[in-house]
Amino acid sequence: MSLTANLDKATYNPGDTMTLTVVSDKRLQSTALDIQSAGDDAKVTTTVQAGVTVTDPSGRKWTVKSDDGHTAIYTSTA
Amino acid sequence: MSVTVTAAGETATADYTVGGAGLPLPAGWPTVSFFDDFTGSTVDAAKWNVRNNTWASNELSIDTNRPANVFVGNSLLTIRGQREQYTVGGTTRQYTSGYLDTIGKHSQHGGRWEIRCALPATKGAWGAFWLRGDSTLGEIDVLESVGGLPDIVETVHESTNGDQDKLGYDWKPTPGWSYTDLHTYAFEWDAATGAMRWYTDNLLRIARSVTDLGNPSKQPATWLNGPAFASPFNMRLNLQIGGSMPNSEGEPVDATSAFPADYRVDYVRALTR
């Protein structure tokens, strides 16, 4: 698996929007699964998390803006 | 600073800097590539190497990373020269000081570099903000001062070893202006043409180009865009005590020199187009 993370700039002024692009060659997006037992009409929907974590020791919160499964865009504020 | 992404056992990291607040961008220089305004309580190890127990043959001090010689506080970096006997291995000297560089942390090929700093007046103290090639011999002295003299010296050397050509400029400030106060010094370099410009407090002091006559060659300084300047340049901040330049300027360190001698730095910034 190949994973890359790139910011739109190297240096920001306070208050700037920071954009982080994460690209993987394998699917990262969370997936919804419908589980239905044989002979049982009940159906359970669960979500399998891809396990992507974004950490920033500065304490900034990174919010996902888009995710097509291979490319995810996160933003934060400088 | 950095942000780290982890997925399926893989990790990727992107580094960034937040800085420059309140500092206007100079016209034509939209991108800040490096900034440190020393607002913490320690030197930022992501930006600077602080040399420890090193010295050069052309100075009388030993550089250490002790708080006695290098410290951050009150939004200033201070490099403090001290008169004290200090021994490393078999070498003993009578002065200590500090030396920071950005080797392996930040370099760029051409651009603009700025520093706002105050330099010591101590006789024989030799403060500098300078640039050296990562893999080439060129040296650019954004500023040098020798305590005891009022001048700011701005030089570009074909070789950091001092054995080739150079272009120097000795700016003699107007009365009332002193480098012991905080002032801004900037240097701009067009790496494609070799054109270089030095500024003090946003005023152009000297411009150099390949058509200027080098010293001692008296030939056009075509070396300004030659191999000596073909690599990215890193930054150096240091305060030497005594040695070759104070001696040659007639201001050697001696018993009359006042210590501690402080080189105070408000900020360092680098920009690109």
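This is a predicted model, so every value here is computed, not measured. A note on names: the letters A, B, ... follow the listed sequences, proteins ahead of strands, and every chain is numbered from 1.
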Tyr16(B) and Leu20(A), any side-chain heavy atoms less than 4.5 Å apart: no
CG (Asn74(B)) with more than 12 external heavy atoms under 6.0 Å: no
Region of Thr4(B) that comes under 4.5 Å of a non-hydrogen atom in chain A: both
Pairwise distance CG(Asn6(A)) to OG1(Thr13(B)) - rounded to 0.5 angstrom: 11.0 Å
Nearest heavy atoms of Ala12(B) and Leu3(A), plus distance in Å: CB-O, 3.7 Å
Over 12 foreign heavy atoms within 6.0 Å of NZ, Lys166(B): no
For the student: nearest non-hydrogen atoms of Val5(B) and Ala5(A), plus distance: CG2-CB, 4.0 Å
Contacting region of Thr55(A) [heavy-atom separation from chain B under 4.5 Å]: both
Proximity breakdown for Thr31(B) and chain A, heavy-atom pairs closer than 4.5 Å: neither
